[in-house]
Amino acid sequence: MAWPLQQGLRARAASIALVALALFLEAAVAHAGPVRAPDVILTGTLTRAAHETYTEVPFKAPPGVDRITVEFAYTGREQRSVIDLGLRDPERFRGWSGGNKSSFTLAESDATPSYLAGPLKPGVWKLVLGAPNIRKDSRADYTAKIWFDRKGAAAVGFNDQPLASEERWWRGDLHMHTGHSDGSCLSRKGAKVPCPTYKTLEAATARGLDFVAVTDHNATSHFGALRELAPYFDDLLIIPGREITTFYGHANLFGPTAFVDFQLGGPHAPKMADILRQVEATGGMISINHPGLPSGEFCMGCGWTAPDTDYGRIQAIEAVNGGNVEGPLSSIGFWEQRLNEGRRITAVGGSDNHDATLHPDKAPAIGVPTTVVRAGQLSQAAILTAIGQGHVFLDIAGTRDRLLDVRAIADGATAQMGDALSAPVGTKIRVDVHVVGASGGSISLAGDGAKLASSPGAKLTGADQTVSFDLTADGARRWLRIDVRGADGKLILLGNPIYLTP
Ligand SMILES: [Zn+2]
Ligand SMILES: [Zn+2]
């Protein structure tokens with residue numbers, strides 16, 4: 001967008017720029033559609049001639065559109081001008097929001113309530129403008145901004161704006177099921193029924209979570225329910241998710257709402273690379289779920305056995321799944337194996353909850369474990385970016401306040417969990433570990449970088465404590481992770497690694 005700075009007002013350019021910035025910020029806050037410029041802008045005027053009639057304004061939808069978003073505004077409200085809103089696609093009526101919504105969105109999987117989800121046919125669509133009232137000698141100037149999103153465009157989630165804007169640790173659960181797959185709970189009369197999506201979000205907010213991904217098996221139908229619930233749960237970031245559930249392993253896909261194949265070995269996705277290609281086309285993030293579970297009749301397709309997986313295309317691994325932390329069903333070893341191979345893959349956690357009404361102290365209650373993410377704001381883009389960067393630790397019991405913050409400092413550079421730190425041979429590195437809520441527990445080190453440390457661990461005596469130790473780099477590529485164990489030796493906080501590079 002060009003601002004009018006070119007009109008001989010150089011002396012005032014700075015103040016105009018500030019005004020422009022303020023206008024831009026105001027527009028950004030008021031704006032409901034995608035951040036980029038609209039693909040179509042329709043403008044026009046309704047006068048008394050339109051009173052108690054319908055005006056249909058055509059626009060052309062190109063082929064290959066995945067989502068249509070409309071934002072509508074008009075003038076003349078002070079003269080009681082009213083414009084109601086509806087939509088027709090090339091074949092059928094798609095919805096009527098009257099005067100109750102100024103913006104809405106439609107996709108194959110979901111739509112703003114009042115509108116119908118479904119295929120977005122290319123061709124001539126019509127915005128239907130109803131005019132219950134335009135006074136004599138009055139007018140209403142309208143503007144409709146329309147965005148066409150294609151697969152892989154900046155993901156349109158359920159929240160148009162960041163829910164909060166501050167740099168801090170945000171807590172969430174990335175793995176849950178509702179009645180849109182095999183999530184169930186007791187009905188009002190006590191029968192086991194597919195559990196409504198509302199229950200899952202209610203339990204997540206009751207636990208104090210900041211973000212969730214509801215990940216029904218191979219489904220996209222839950223996106224419609226989440227689209228409806230998001231305005232009500234305005235203190236909870238809802239990230240579109242689904243569990244790609246194959247016979248050779250399960251993986252969560254975060255971000256897109258478009259369909260992605262799961263029929264590994266079938267005609268549409270014969271190899272894992274075919275699924276990954278579809279995932280990448282959507283711009284989504286993928287996380288391998290519970291790879292440490294067995295496969296076979298005990299848990300069909302649960303372990304990760306997909307042949308020819310290119311781990312360079314995997315962003316995250318669910319290192320802790322519900323109550324499967326350490327022991328024979330642990331997935332931590334599978335993740336560490338990838339780290340030992342030189343991959344940088346973020347460990348995340350997921351409750352894999354299948355009953356939102358489960359007692360909150362019991363795994364896999366929603367939020368057990370909690371994935372805790374350091375991000376500059378509570379938005380889909382910020383949280384997924386931070387997960388990709390590894391700025392993450394896992395709170396195994398899903399408390400509201402336990403904290404693990406790790407900083408490695410060398411030659412004036414600081415790395416946090418997930419970051420790489422340049423450390424040629426002989427580099428002295430100081431590691432500061434800030435732990436909250438683990439008094440009586442201990443810090444332990446993991447990874448091949450642990451042997452470089454001056455001390456193998458430390459007891460925690462305070463509720464809020466920072467422990468420091470030193471490392472001397474040996475010039476090799478290493479990874480180093482900090483975990484926190486409780487007084488009983490059980491893992492309570494799992495950190496992501498800091499990567500030492502020569
Ligand atoms: Zn699974
Ligand atoms: Zn699951």
Side-chain angles (χ1 to χ4, degrees), residues 172-185 194-197 199-201 203-204 209 211-223 225-226 238-256 260-265 269 272 275-276 279 284-306 309 314-325 328-335 345 347-358 362-371 387 394 396 398:
D173 190 343
L174 292 167
H175 191 166
M176 292 172 289
H177 298 273
T178 71
H180 287 270
S181 60
D182 51 354
S184 62
C185 56
C195 205
T197 312
K199 286 283 188 190
T200 291
L201 301 189
L209 297 183
F211 65 90
V212 290
V214 177
T215 52
D216 281 308
H217 295 288
N218 296 331
T220 50
S221 65
H222 53 305
F223 297 143
L226 293 168
I238 304 165
I239 298 170
R242 101 269 320 248
E243 187 168 12
I244 297 175
T245 305
T246 81
F247 298 140
Y248 307 96
H250 302 179
N252 275 347
L253 172 58
F254 304 119
V260 168
D261 221 310
F262 59 89
Q263 292 169 273
L264 191 58
M272 192 59 208
I275 290 181
L276 290 178
V279 163
M285 167 180 289
I286 198 154
S287 167
I288 291 179
N289 291 344
H290 48 67
L293 290 185
S295 289
E297 286 186 1
F298 174 76
C299 193
M300 285 165 275
C302 292
W304 190 260
T305 59
T309 303
I314 304 294
Q315 291 84 45
I317 289 174
E318 189 184 65
V320 177
N321 171 270
N324 300 317
V325 186
L329 301 182
S330 175
S331 294
I332 296 172
F334 178 94
W335 170 57
I345 301 180
V348 296
S351 68
D352 208 355
N353 176 275
H354 283 71
D355 177 357
T357 63
L358 209 63
K362 221 168 99 183
I366 285 168
V368 184
T370 295
T371 301
I387 291 174
L394 309 190
I396 306 298

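Read the numbers this way: they start at 1 and go in the same order the structure lists the ligands and their atoms. Small disclaimer: the values here were computed from a predicted structure and weren't measured.
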Can you tell me the N, O or S atom of D352 that's nearest the Zn ion (ligand 2)? OD1
In a check of side-chain hydrogen bond (donor to acceptor under 3.5 Å, both in side chains) between H177 and each of N353, D355, D352, which one passes? D352
Look at the N, O or S atoms of H177, main chain and side chain alike, and state whether any lies under 2.8 Å from the Zn ion (ligand 2). yes
Determine which of the N, O or S atoms in H250 is closest to the Zn ion (ligand 1) and give its atom name. ND1
Establish, from distance only, whether the side-chain atoms of H180 and S221 form a donor-acceptor pair under 3.5 Å. yes
Metal site the Zn ion (ligand 1): N/O/S of H290 inside 2.8 Å: yes
One pair to check against side-chain contact (heavy atoms from CB on, under 4.5 Å): I366 and L209. What are the steps and the verdict? CA-CA 9 Å; I366 285 168; L209 297 183; 4.0 Å; yes
Atom name of the N, O or S atom of E243 nearest to the Zn ion (ligand 2) is OE1
Is the Zn ion (ligand 2) less than 2.8 Å from an N/O/S atom of H175, whether that atom is in the backbone or a side chain? yes
If we ignore angles and hydrogens, is there a donor and acceptor under 3.5 Å between the side chains of N252 and E318? no
Go through the steps for D182 and H217 under the test side-chain contact (heavy atoms from CB on, under 4.5 Å), then give the verdict. CA-CA 8 Å; D182 51 354; H217 295 288; 3.1 Å; yes
